[in-house]
Amino acid sequence: MHIEYPSSETQAWALQETLATQVICEDNFDSISTIAGTDVAYDDATNQLVGAIVVLDASTLDIIETQVVTESVRFPYIPGLFSFRELPPLLSAFEQLTHKPDMIVCDGQGLAHPRRFGLACHLGVTLDIPTIGCGKTRLTGTHEALVETRGASAKLIDNEQIIGEVLRTQDNIKPVYVSVGHKVSLSTARDWILKLTPKYRLPETTRQADQQVNRALKALQAQG
DNA sequence: GCGACAG
DNA sequence: ATCTTGTCGC
């Protein structure tokens, strides 16, 4: 797969502004029978990234397929330019999939980004697949306090715009940051995150991908 | 200028 | 992201 790739911070910044105009913030899909989760981890010793995509049955949450890849780092981690680091291994893993998912939940922000183009938007626009951003911590935006019960939420605001939602997925547990990636509305994104978190703070999709990534990372470090 | 800053 | 001990809960 060929994608435009920046060779500098300035280029990356400009590319985000161009691609951000392609993001669709409304529901644009038929039915969702499979939903995937993604995660990426870094191996210090070899300076490589391990990326994983796990496809689940959207109704039973059973695992349908897993793909894991290991690649050299192409771009440093810079807040706001995060997707340029994680996108390559995720696209490689996606290519390997036999079962292309109907929707993807990313472990990072979507529109809840300084230029409204976080990882979830980048992956969604690149693959032209509906995506949801679900981050563990905040990148940008402010919000009101939310009560401690599962399902509680508050709008994430930045520059007087609603860029996402802070959502409590479990009672008395820190909330997650939900935002539109591509071809989904914020309310649809929120509904999916709640469905995917019947028991834990993070979506089952993300948890499965995280598990695969760490398994591969451990195997990598066991070699040398 | 200073702090904040997805993973 | 990763570095880390003990502690709490199922």
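Proteins get letters first, then strands, A, B, ... in listed order; numbering begins at 1 in each. Predicted model only: the values in this text are computed from it and were never measured.
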Nearest heavy atoms of Ile35(A) and Pro101(A), plus distance in Å
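It is C-CB, 4.5 Å.
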Between Arg116(A) and Gln161(A), what is the shortest heavy-atom contact and its length?
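Heavy-atom minimum between the residues: NE-OE1, 3.6 Å.
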Using atom types as modelled, flag every donor-acceptor pair under 3.5 Å from a side chain in residues 190-197 of chain A to any protein atom, sequence neighbours excluded.
{"unit_1": "Thr197(A)", "atom_1": "OG1", "unit_2": "Arg150(A)", "atom_2": "NH1", "d": "3.2"}
{"unit_1": "Thr197(A)", "atom_1": "OG1", "unit_2": "Ile193(A)", "atom_2": "O", "d": "2.8"}
{"unit_1": "Thr197(A)", "atom_1": "OG1", "unit_2": "Leu194(A)", "atom_2": "O", "d": "3.3"}

What residues join Val69(A) in its hydrophobic cluster, counting side-chain heavy atom gaps under 4.5 Å, either direct or through other members?
none
Tell me every residue that passes ring-ring contact (aromatic ring centres under 6.0 Å, His included) with Tyr177(A), counting only those two or more places apart in sequence or in another chain.
none
Of all residues at least two apart in sequence or in a different chain, which pass the salt bridge (Lys or Arg N to Asp or Glu O under 4.0 Å) check with [X]?
{"X": "Asp43(A)", "result": "none"}
{"X": "Glu148(A)", "result": "Arg168(A)"}
{"X": "Asp102(A)", "result": "none"}

Residues forming a side chain to side chain donor-acceptor pair (under 3.5 Å) with Arg115(A), sequence neighbours excluded
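Side chain to side chain donor-acceptor pair (under 3.5 Å) list for Arg115(A), sorted by chain: Gln16(A).
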Strictly below 4.0 Å, heavy-atom distances to any atom of DNA chain B: list the hits from residues 129-163 of chain A, or just say none.
Gly135(A), Lys136(A), Thr137(A), Arg138(A), Leu139(A)
Just by distance, with hydrogens left out, do Glu9(A) and Gln11(A) show a side-chain donor and acceptor under 3.5 Å apart?
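On atom types as modelled, these side chains do not qualify, holding no pair under 3.5 Å.
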Asp171(A) side chain to Thr149(A) side chain, donor-acceptor N/O pair below 3.5 angstrom
no
Please tabulate, one pair per line, each protein N/O and nucleotide N/O from nucleotides 2-10 of chain C that are separated by under 3.5 Å, including the distance.
none

Ranges pairing with ranges for DNA chain B, where each run has three or more Watson-Crick or G-U pairs under 3.5 Å:
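Runs of three or more consecutive pairs: none qualify.
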Examine distances only and state if a side-chain atom of Asp210(A) and a backbone atom of Thr206(A) form a donor-acceptor pair shorter than 3.5 Å.
no
Does the side chain of Phe84(A) reach to within under 4.5 Å of the side chain of Arg74(A), using non-hydrogen atoms?
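A side-chain contact under 4.5 Å is absent here.
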Is the shortest side-chain heavy-atom distance between Cys106(A) and Ile132(A) below 4.5 Å?
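Sidechains of Ile132(A) and Cys106(A): no contact.
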Which string of ( ) [ ] | and . matches DNA chain C, if you list each base 5' to 3' and count Watson-Crick or G-U pairs only when both distances are under 3.5 Å?
..........
Taking any atom under 4.0 angstrom from a heavy atom of chain A, which nucleotides of DNA chain B are the first and last to qualify, 5' to 3'?
dA4(B) to dG7(B)
Do Asp39(A) and Arg207(A) sit within salt-bridge range, that is, some charged N less than 4.0 Å from a carboxylate O?
no
